[in-house]
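Please read the structure below before turning to the comments.
Atom set for the values below is all heavy atoms of this structure, side chains included, hydrogens, waters and symmetry mates excluded.
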Amino acid sequence: MDIHTKAKKTTSIVPLVTMTLLFFMWGFITCMNDILIPHLKELFQLSFFESMLVQFAFFGAYFIGSLIYFLISHYKGDPINKVGYKKGIIAGVLLSAIGCCLFYPAASFSVYGFFLSALFVLGLGFTILQITANAYVTLLGPEESASSRLNLTQAFNSFGTTIAPVLGGHLIFSLFLDNGNVTADSTRIPYLIFAGILVLLAVVINKVKLPSFSTEESENHGGLGALKFPQLKLGILGIFCYVGAEVGIGSLLIAFMSQKDIMNLQEVVSKNYLSLYWGGAMIGRFLGAISLSGLDKTKKIIYMVLTSAVVYLLVFSIVDLSFAQTSFFIVFIVLNLLAFLVGKSAPARTLVLFAGINIALILVSVFSTGPMALYPILGIGLFNSIMFSNIYTLAISGLGKYVSQGSSLLVMAILGGAIVPLIQGALADTIGIQHSFFLPAICYAYILIFGWYCMKKVHTNH
C-alpha cells in the first residue's frame, strides 16, 4: 500500500503530541504484565508455567489479530484503506479500554481464566494500534523526518515501560492491598483508571484535527510471494526470538530477584530494578536514533554521551533506589556507547554485537550469585533497544512490492512474546529460574546468526 499526503509539509505538533501520549500509555500498560505475573502467581498459587499464561494470552492476541487482519487484507482489501487510520486508531484504543474494564469483573469473581480473557482483549486492541499507529505517525509531517518522529514516539513508549514497574507496582503491591494482603481486588481500580485514560485519549484523538491524506491500494499480489526472500523468512524467526527473549526476561525478573542466593528482594523493592531493565531500552533507543542520524562522528559521540547522561538521570529520578544501588548501570551504558561506535551505524553489524553481548551477560548471570547474577541481566535492556527495528529493517530490505505483506508477517512473529515466556516458565519450574535464562541466550544466538547472515547477504551498508 502506498501512502500519499496532501499538501502537508510541516509537522503537525498537536496530533504528534497526542500520538506520543498514546504510545506512552501503550508501553505503560504492556509493561504492567510484568507486575501482574508475580501478583497473580501468589494470588492463585500458580506455577511459573501457569503464571506465564499472562504473556501467552496477551501476545497470543497479537498473532491472532494480525493473522485475521492479514487474511482480510488479502481477500477483501485493506480495512484501514476503507475506514481510515484515524478511525482505526480510535477502534484500537477503545478495544484496549474494554480489555482494561474486563479486569473489574475478573477481580470481582477472582477467576484466573477471566484475567487471561481480559488480557487477550487488551492485546487485540494493541494489535490494531501496532498495525495503524506506527504508520500514522509518518503522515504527521514531511516524509524525510518520518523516521525521527517514529523514534520519538517509540522512545516515549519505552518511557511508559520504564515507569510502569514503579507506579504500577505501587498501585498493586502497596496502594490497593486489602489490609496488607494480596487480593484480586488490587487490580480493579488501577485498570479502571487505565481504561478511563484510554477513553479520554480516544476522545482527544477524535477531536484533534489531523492532516488530510489519501491511500491507494497497491496491486494485489496473490499467495505469499514475500516468503521467497530468505532474509524475510529468517527475520520472522528473528522477531519471534527477540520479543520472546525480552518479554521472558522481564516477566521473571521480579521472581528472580526474590531468590535467596540472588538478592532476596521483596516485590516493592524489585519493581524498581525492573524499571532499570526497561529504562535501558529507552536509553538505547535514544542513542540508536543519534547513531543512525546523519551527524558527523564527533557530534554523534558528544550527543550520545550527553543524551545517555540525561536519560540515566531521568531513570534514576523515577526509581526508588540510591545512587550506590544504580551506579553499576553506568558501566553498561558505557559498554552500550562503545558497542554503537564499533557498530558504525550499520544495522547488521550492530545487531551481531548487541546479540553477542547479551549472550555474554546471560552466561555471567547464570553462573553467578548475588549482585553479579542480577546486574548483567538488568544490563540486557540496553542491548535489546535497537533489535526490533534492526531486525525489521533487514528483513524487509529488498522486498519491493512485497514490503506490506512482509511487514504483516513480521507483526505476527510477535507471537514469540507468548511462546518463549511460557517455555521459560516451564523451565523455571523444572530446572530453576536462574538456569531458565539459557532459553533467552539461545534466542540471542539465533539473532546473532541472523545478523551475521545479513552482513554477508543483505545490502544495507552492513
Side-chain angles (χ1 to χ4, degrees), residues 1-5 62-63 65-81 85 88 127-139 143-151 154 213-244 288 292 345-352 355 386-416 446-462:
M1 179 176 63
D2 297 320
I3 300 173
H4 307 281
T5 58
Y62 273 75
F63 175 76
S66 298
L67 179 60
I68 292 172
Y69 187 90
F70 174 81
L71 292 174
I72 292 174
S73 298
H74 185 68
Y75 292 106
K76 300 293 184 180
D78 195 327
I80 297 303
N81 264 349
Y85 276 88
T127 302
I128 297 175
L129 294 179
Q130 182 77 29
I131 294 170
T132 58
N134 286 300
Y136 199 73
V137 170
T138 66
L139 301 173
E143 184 179 352
E144 58 269 20
S145 61
S147 179
S148 174
R149 292 193 298 278
L150 279 172
N151 280 325
Q154 288 169 357
F213 66 93
S214 61
T215 62
E216 296 177 3
E217 287 195 77
S218 59
E219 181 184 350
N220 184 19
H221 304 287
L224 290 174
L227 290 178
K228 69 182 180 182
F229 297 92
Q231 68 269 29
L232 177 67
K233 288 186 285 189
L234 295 172
I236 290 171
L237 185 53
I239 292 290
F240 181 96
C241 288
Y242 158 69
V243 178
L292 296 172
S345 303
R349 186 184 298 118
T350 305
L351 190 63
V352 168
I386 51 81
M387 284 191 177
F388 187 94
S389 59
N390 283 24
I391 295 171
Y392 184 92
T393 301
L394 292 166
I396 65 172
S397 176
L399 263 63
K401 63 186 180 182
Y402 295 108
V403 165
S404 195
Q405 187 180 86
S407 296
S408 63
L409 293 171
L410 288 168
V411 171
M412 289 184 207
I414 294 175
L415 179 68
Y446 175 81
I447 293 170
L448 188 153
I449 293 169
F450 170 73
W452 186 263
Y453 171 86
C454 291
M455 283 178 63
K456 303 298 182 183
K457 301 292 185 179
V458 181
H459 301 293
T460 56
N461 295 323
H462 307 303

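- When all heavy atoms are compared, the tightest approach of Q231 to F450 is O-CE1, 3.5 Å.
- Considering every non-hydrogen atom in both V352 and G451, the closest pair reads CG2-C, 3.4 Å.
- We find the CD1-CE distance between I239 and M387 to be 11.0 Å, quoted to the nearest 0.5 Å.
- Interatomic distance, CD1 of I68 versus OG1 of T127, reported as 9.5 Å (0.5 Å rounding).
- Separating the CZ atom in F63 from the CZ atom in F240 is a distance of 10.0 Å, to the nearest 0.5 Å.
- For the pair I236 and A413, the tightest heavy-atom approach, listed with the atom from each and the gap, is O-CB, 3.2 Å.
- The backbone N or O of L234 lies less than 3.5 Å from a partner atom in the side chain of Y446, making a donor-acceptor pair.
- The main-chain N or O of T393 is never found under 3.5 Å from a side-chain atom of S397 such that the two would form a donor-acceptor pair.
- Interatomic distance, I447 CD1 to L237 CG, rounded to the nearest 0.5 Å: 9.0 Å.
- Smallest separation of non-hydrogen atoms from L67 and M412: CA-CE, 3.7 Å.
- The minimum heavy-atom distance linking N390 with T350 is given by the pair ND2-CB, 4.1 Å.
- Distance CG/L399 to CZ/F229: 5.0 Å, rounded to 0.5 Å.
- Atoms CD1 and CD1, from I391 and I386 in turn, are 8.0 Å apart once rounded to the nearest 0.5 Å.
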